[in-house]
Enquirer: 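Here it is, the structure in full.
Just the heavy atoms: all of them, side chains too, but no hydrogens, waters or symmetry mates, feed the values below.
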Amino acid sequence: METKKLYDTDAYQRDFKARVLTCTPEKKQWRVTLEQTCFYPEGGGQPCDLGTLGEARVLDVQISDGVIYHTVDRPLEPGTVAAGEIDWPRRFDLMQQHSGEHIVSGIVHSLFGYDNVGFHMGADVITVDWNGILTREQLAEVELRANEIIWQNRETEITTPDRDALNTLEYRSKKALEWPVRIVTFPGADTCACCGTHVRRAGEIGLIKLLSVVRMRDGVRVEMLSGRRAYQYCARIAEENHKTSRLLSAKETGTAAYVQKLYEEHQQLKARYAALETVHNAALAEQYRGRGNCCLFAEGLDTNALRRLTVAVMESCGGLCAAFSPNQNGGFSYCIGQEGGDVRPLVKELNQVLHGRGGGKPHFAQGAVQATRQEIETFFQR
């Protein structure tokens, strides 16, 4: 017997009572069927509802052949009546996300003709895939239009048209559907076949924010947020911008321009530093020219700078060059190289003796050791 779906007629019903039909053990959990339920099962891109049935916690809800199965953490007696209550904040959040996706997908379809070919409600963001290319400028237009639909606050229409009416109706659907078909309409934005739960009026979504767009095969994937999630995201961004403006002593509306200025200054300093580094490395290479094996220590070098220093000296010293610089882990990063040589045996022994990790090509290797400068110098003085 199919389960009566109370959420189909009233997505705002939070609690109910129903007779327990079956309760089947499944590992350390139980699968329960009821004569009716408010719990929405996972489907159509929307996660399932959670909540309680009597004293039991509802951990998962699935549907198969019209029967809804509730996975709970303790058994319920068949034949008894259980009181159910859904996690309403979770449900309303999902309603906001799902309704927002409908509006955005409908607008994208009407403006550009693209189809929604993938939809996932994650715990943090919603992702939507379209089979066409969208630019950030186009998404900005979509976002504005979507929020204009919210501001109009028109009532959501949910119907099950008869066969004749359905045949003449234009609606979005990822696949061919057999009658009866549940149609969800957000006036001015979208008409779509959908079994999910939605807000009564568009205004209850509150806000739609499109976050990012990346290429995916022949289309794009967009991250978006609606409702409380969108508000919380904007609040976090505003707070971060406020902190940034205080650090820069810049107006909150001018942080980007100020950061651009700092970036350009930073690039100039990097260029000057690179030029000075080149001069320094050349001088050091000349100092060690023809001296054979050498072990160097330098302060404050990252891996790339340490590599450039090692290469410069090893090309002139005529032997092996081992260069070390203190790292944030209390040890030393290293680069070891020798033109035409094979440093791998030495690096293997170095890692064993000085608690290091690293490797590379026969003539050049890099890594890090957890040792003191004295221990490193002792190793190379043997």
Enquirer: Classify the ring geometry of F324 against Y334: parallel below 30°, tilted from 30° to 60°, perpendicular beyond 60°.
Expert: tilted
Enquirer: Would you mind reporting whether I208 and M224 have side-chain heavy atoms less than 4.5 Å apart?
Expert: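 Side chain of M224 against side chain of I208, heavy atoms only: contact under 4.5 Å found.
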Enquirer: Work out which heavy atom in F16 is nearest to a heavy atom in L53; give both atom names and the distance.
Expert: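 Heavy-atom minimum between the residues: CZ-CD2, 4.0 Å.
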Enquirer: When you measure from the centre of the six-membered ring of F297, is the NZ or CZ of R373 under 6.0 Å away and within 45° of the axis?
Expert: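 Checked: cation-pi criterion met.
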Enquirer: Assess, by modelled atom type and distance only, whether the side chains of Q338 and H363 contain a donor and an acceptor separated by less than 3.5 Å.
Expert: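 No - no donor-acceptor pair under 3.5 Å links their side chains.
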Enquirer: Sort out for me which residue in R172, H102, E101 forms a side-chain hydrogen bond (donor to acceptor under 3.5 Å, both in side chains) with N116.
Expert: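 So the option named by the test is E101.
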Enquirer: Considering only NZ, NE, NH1 and NH2 on the basic side and carboxylate oxygens on the acidic side, decide whether R229 and D93 come within less than 4.0 Å.
Expert: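 The answer is yes: the pair qualifies as a salt bridge.
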Enquirer: Any salt bridge between E286 and R289, counting N to O under 4.0 Å?
Expert: yes
Enquirer: Do R145 and E141 sit within salt-bridge range, that is, some charged N less than 4.0 Å from a carboxylate O?
Expert: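 Salt bridge flag = yes for E141 with R145.
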Enquirer: With the threshold set at 4.0 Å, does a side-chain nitrogen-carboxylate oxygen contact exist between R74 and E55?
Expert: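 No.
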Enquirer: Given H120 and T127, is the side chain to side chain donor-acceptor pair (under 3.5 Å) satisfied, shown in steps?
Expert: CA-CA 5 Å; H120 175 69; T127 59; 5.7 Å; no
Enquirer: Measure the acute angle between the ring planes of W88 and Y12, then classify it against the limits of 30° and 60° as parallel, tilted or perpendicular.
Expert: tilted
Enquirer: Look at the rings of F112 and Y114 and say which category their plane angle falls in: under 30° parallel, 30 to 60° tilted, over 60° perpendicular.
Expert: parallel
Enquirer: Inspect the contact between R57 and D87 and indicate whether a charged nitrogen and a carboxylate oxygen are less than 4.0 angstrom apart.
Expert: no
Enquirer: With clusters built from Ile, Leu, Val, Met, Phe, Trp and Tyr whose side-chain heavy atoms come within less than 4.5 Å, directly or transitively, what are the remaining members of the cluster of M1, listed by chain and number?
Expert: L21
Enquirer: Considering all heavy atoms of both residues, which atom of C195 and which atom of R182 are nearest to each other, and what is their separation?
Expert: C-NH1, 3.4 Å
Enquirer: Restricting to pairs with a member in residues 304-318, which pass salt bridge (Lys or Arg N to Asp or Glu O under 4.0 Å), not counting sequence neighbours?
Expert: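 For residues 304-318: E277-R308.
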Enquirer: Under 4.5 Å between any side-chain heavy atoms of I68 and Q62, yes or no?
Expert: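 The answer is no; the side chains never approach within 4.5 Å.
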Enquirer: Can a cation-pi geometry be assigned to R228 and Y231, taking NZ or CZ under 6.0 Å from the six-membered ring centre and within 45° of the ring axis?
Expert: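 No; the conditions do not both hold, so R228 does not lie above the ring face of Y231.
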